[in-house]
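Notes for the one structure printed next.
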Amino acid sequence: MPELPEVETIRQGLRSHVVGSRILSVEVSHPRVLRNQPGGEDELRGLTNGWEITGVQRRGKYLWLTLGDQNTPVSHALLIHLGMSGQVLLKDSPTEGHRHLRVAFTLENHQGDQRHMWFVDQRMFGYVTALEVVPDPHGQGFIPESMPHIGPDLLEPALALGSPTRVETNRAIRRSKRGIKAVLLDQCVISGIGNIYADEALWRTRLHYARPANRLSAGHVEELLQATTAVLNEALRAGGTSFDALYVNVAGEQGYFERSLQAYGRCDQPCYRCGSVIVREVFMNRSSFRCPRCQRRPRVTR
DNA sequence: ATGCCTACCTGGGAGC
DNA sequence: TGCTCCCAGGTAGGCA
């Protein structure tokens, strides 16, 4: 599933191959992935055709290409959210299509070479939208106008150790009565964390998913933030987590962090710390994996 | 306002 | 063999 490390892997792959290229054409093969584009396919085409890709940015799981020209490097943006199963694939000269191809962009670089950028998405929880940009409330520069409510992520400067935003984020987490995992997954507080890395970070800090966030100390929350950052960085170094062919980088290659997972997906297997058997439970209608000994259920629930 | 619940979507696998 | 059901989960929106 694409969470921050997977999206960042894709961002890095895109950055080195598409920045400086111009979008020549767009072909949409399934309208659902344009559901957030008010003017539909015509609007998408109008905001992309002929524009140069000037950068590739990311916040949390949100990925966008900045589009512009010589006078205005960031005029607007092409936002891509991968949802559950989205992929961005680069093809020099595709010999065959893809079963789940949803949008195909044809690009041309300064040398006149053409390349194809495909948005592929089996389950179609993902989407593509061309839209205006607004000043970034968490840093310099601009972000797509639909996402000011998205919180900063743990790998960006806004949340650096000791920064005012980090202090405020720590407080924001401890203001919530929700279980700590619900807060970790709330993209408005911190972005980029999904079900897999939330379980990993909770295992590392020996926290139960239902521990009320407002009963944690500032120090404990800081410890959790550091453990989460470490997990994200380690996964990024491994190129992300691929359970199946649903997550691959822009070249179609899988990441190998799955073999490093210590909690997620390890139901009925021994905890690497204490040997107890990892259990799978449902929390927020999602699977949660935890060690019943290291991550004790809070004494009073709710 | 806060937090909980459901719909959206497809393919793979289990069970009968 | 073939059918049905369940499960995976990021996000938006509805409701108490």
Side-chain angles (χ1 to χ4, degrees), chain A residues 1-8 10 28-38 58-64 79-88 98-103 119-129 131 143-151 153 171-202 209-215 228 232 235 240-248 254 258 261 263-268 279-290 298 301-302:
Chain A
M1 323 303 156
E3 302 182 32
L4 188 153
E6 292 75 29
V7 180
E8 174 62 14
I10 290 166
V28 179
S29 35
H30 201 299
R32 178 165 169 78
V33 299
L34 292 194
R35 64 190 179 281
N36 293 329
Q37 188 82 59
R58 181 193 57 73
R59 166 164 289 156
K61 307 169 195 172
Y62 292 75
L63 177 72
W64 67 95
L79 177 64
I80 299 173
H81 197 291
L82 303 175
M84 278 289 296
S85 55
Q87 307 179 343
V88 181
H98 191 294
R99 189 178 176 188
H100 304 300
L101 175 62
R102 309 304 186 194
V103 186
F119 178 70
V120 168
D121 191 3
Q122 179 198 103
R123 292 177 204 170
M124 288 188 294
F125 281 26
Y127 57 86
V128 168
T129 312
L131 73 180
I143 61 171
E145 64 176 352
S146 64
M147 54 176 288
H149 64 290
I150 298 300
D153 70 55
R171 278 200 204 103
I173 291 169
R174 288 178 294 116
R175 269 198 296 270
S176 175
K177 294 176 185 168
R178 289 181 289 170
I180 184 62
K181 184 173 176 182
V183 183
L184 275 186
L185 293 176
D186 184 343
Q187 306 298 301
C188 301
V189 182
I190 304 173
S191 61
I193 304 163
N195 202 38
I196 298 171
Y197 299 118
D199 276 6
E200 292 303 298
L202 292 171
Y209 52 78
R211 273 284 285 277
N214 64 354
R215 295 207 209 133
T228 309
L232 296 175
T241 302
S242 300
F243 292 110
D244 48 36
L246 286 189
Y247 164 70
V248 293
Q254 302 203 354
E258 183 188 4
L261 294 176
Y264 186 90
R266 297 199 62 248
C267 187
D268 298 332
V279 296
R280 171 188 171 276
E281 293 164 342
V282 173
F283 178 66
M284 295 173 71
N285 292 321
R286 302 280 175 262
S287 284
S288 278
F289 299 88
R290 71 177 175 102
T301 314
R302 306 207 74 243

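Labels below follow one simple rule: chain letters A, B, ... track the order of the sequence lines, proteins then strands, and each chain is numbered from 1.
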If you look at every strand shown and take non-hydrogen atoms under 4.0 Å, does [X] touch a base, only sugar-phosphate, or nothing?
X: A:Phe283; result: nothing
X: A:Arg280; result: sugar-phosphate
X: A:Ser85; result: nothing

Problem set entry | Pairs involving residues 181-196 of chain A, ordered by first then second residue, that meet salt bridge (Lys or Arg N to Asp or Glu O under 4.0 Å) (sequence neighbours left out) |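 Matches after skipping sequence neighbours: A:Arg178-A:Asp186, A:Lys181-A:Asp199.
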Name all residues meeting the side-chain hydrogen bond (donor to acceptor under 3.5 Å, both in side chains) criterion together with [X]; count only those two or more places apart in sequence or in a different chain, and write none if there are none.
X: A:Arg175; result: A:Glu168
X: A:Arg35; result: none
X: A:Thr241; result: A:Tyr197
X: A:Arg174; result: A:Asn170

For this session: Give a yes/no on whether any side-chain N or O of A:Ser176 is located under 4.0 angstrom from OP1 or OP2 of B:dG3.
Result: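 Checking B:dG3 against A:Ser176, a side-chain N or O does come within under 4.0 Å of OP1 or OP2.
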Exercise. Can you tell me if the side-chain N/O atoms of A:Gln187 get under 4.0 Å from OP1 or OP2 in C:dT11?
Worked result: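 A:Gln187 to C:dT11 OP1/OP2: side-chain N or O found under 4.0 Å.
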For this session: Would you please name every residue forming a ring-ring contact (aromatic ring centres under 6.0 Å, His included) with A:Phe119, sequence neighbours left out?
Result: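 With neighbours one apart ignored, the set is empty.
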For the pair made of [atom1] in [X] and [atom2] in [N], what is the distance, rounded to whole Å?
X: A:Arg175; N: B:dT2; atom1: CZ; atom2: P; value: 9 Å
X: A:Leu63; N: C:dT11; atom1: CG; atom2: C1'; value: 17 Å
X: A:Leu185; N: C:dA12; atom1: CG; atom2: C1'; value: 15 Å
X: A:Lys61; N: C:dA12; atom1: NZ; atom2: C1'; value: 14 Å
X: A:His149; N: C:dG10; atom1: NE2; atom2: C1'; value: 12 Å
X: A:Asn36; N: C:dG10; atom1: CG; atom2: P; value: 17 Å
X: A:Asn195; N: C:dT11; atom1: CG; atom2: P; value: 12 Å
X: A:Phe243; N: C:dG10; atom1: CZ; atom2: P; value: 11 Å

Exercise. If the sugar-phosphate is the primed atoms plus P, OP1 and OP2 and the base is the rest, what is the B/S/- string for nucleotides 7-14 of chain B, using protein heavy atoms under 4.0 Å?
Worked result: -BBBS---
Problem set entry | Heavy-atom pair with the smallest gap, counting every atom of A:Val88 and A:Ile10 |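 In this case the closest contact between A:Val88 and A:Ile10 is CB-CG2, 4.1 Å.
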Exercise. Which atom pair, heavy atoms only, marks the closest approach of A:Ser191 to A:Gly151?
Worked result: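 Shortest heavy-atom separation between A:Ser191 and A:Gly151 comes out as OG-O, 2.7 Å.
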Problem set entry | Axis-to-axis angle between the two ends of the helix from B:dT2-C:dA16 to B:dC16-C:dG2 (five base pairs per end, rounded to 10 degrees) |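 What I find for the helix from B:dT2-C:dA16 to B:dC16-C:dG2 is an axis angle of 50°.
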For this session: Kindly write out the residues that satisfy salt bridge (charged side-chain N to carboxylate O under 4.0 Å, His left out) with A:Glu3, not counting sequence neighbours, or none if the list is empty.
Result: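 For A:Glu3 there are no salt bridge (charged side-chain N to carboxylate O under 4.0 Å, His left out) partners, ignoring immediate neighbours.
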Problem set entry | Residues that A:Arg102 engages under salt bridge (charged side-chain N to carboxylate O under 4.0 Å, His left out), provided they are two or more places apart |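 Counting only residues at least two positions away or on another chain, A:Arg102 forms no salt bridge (charged side-chain N to carboxylate O under 4.0 Å, His left out).
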Exercise. From the list C:dA8, B:dG3, C:dA12, which nucleotide is the closest neighbour of the side chain of A:Arg178?
Worked result: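 Nearest to the side-chain atoms of A:Arg178, counting from C-beta on, is B:dG3.
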Exercise. Passes side-chain contact (heavy atoms from CB on, under 4.5 Å), A:Asn195 versus A:Met284? Steps please.
Worked result: CA-CA 10 Å; A:Asn195 202 38; A:Met284 295 173 71; over 6 Å; no
Contact list (N/O, under 3.5 angstrom) for nucleotides 14-16 of chain C vs protein:
none

Problem set entry | Results of side-chain contact (heavy atoms from CB on, under 4.5 Å) for A:Glu145 - residues two or more places apart only |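 Expected list: A:Leu131, A:Glu132, A:Val134.
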Exercise. How do A:Lys177 and A:Asn285 order along DNA chain B: which one's closest nucleotide is nearer the 5' end?
Worked result: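 The residue mapped nearer the 5' terminus is A:Lys177.
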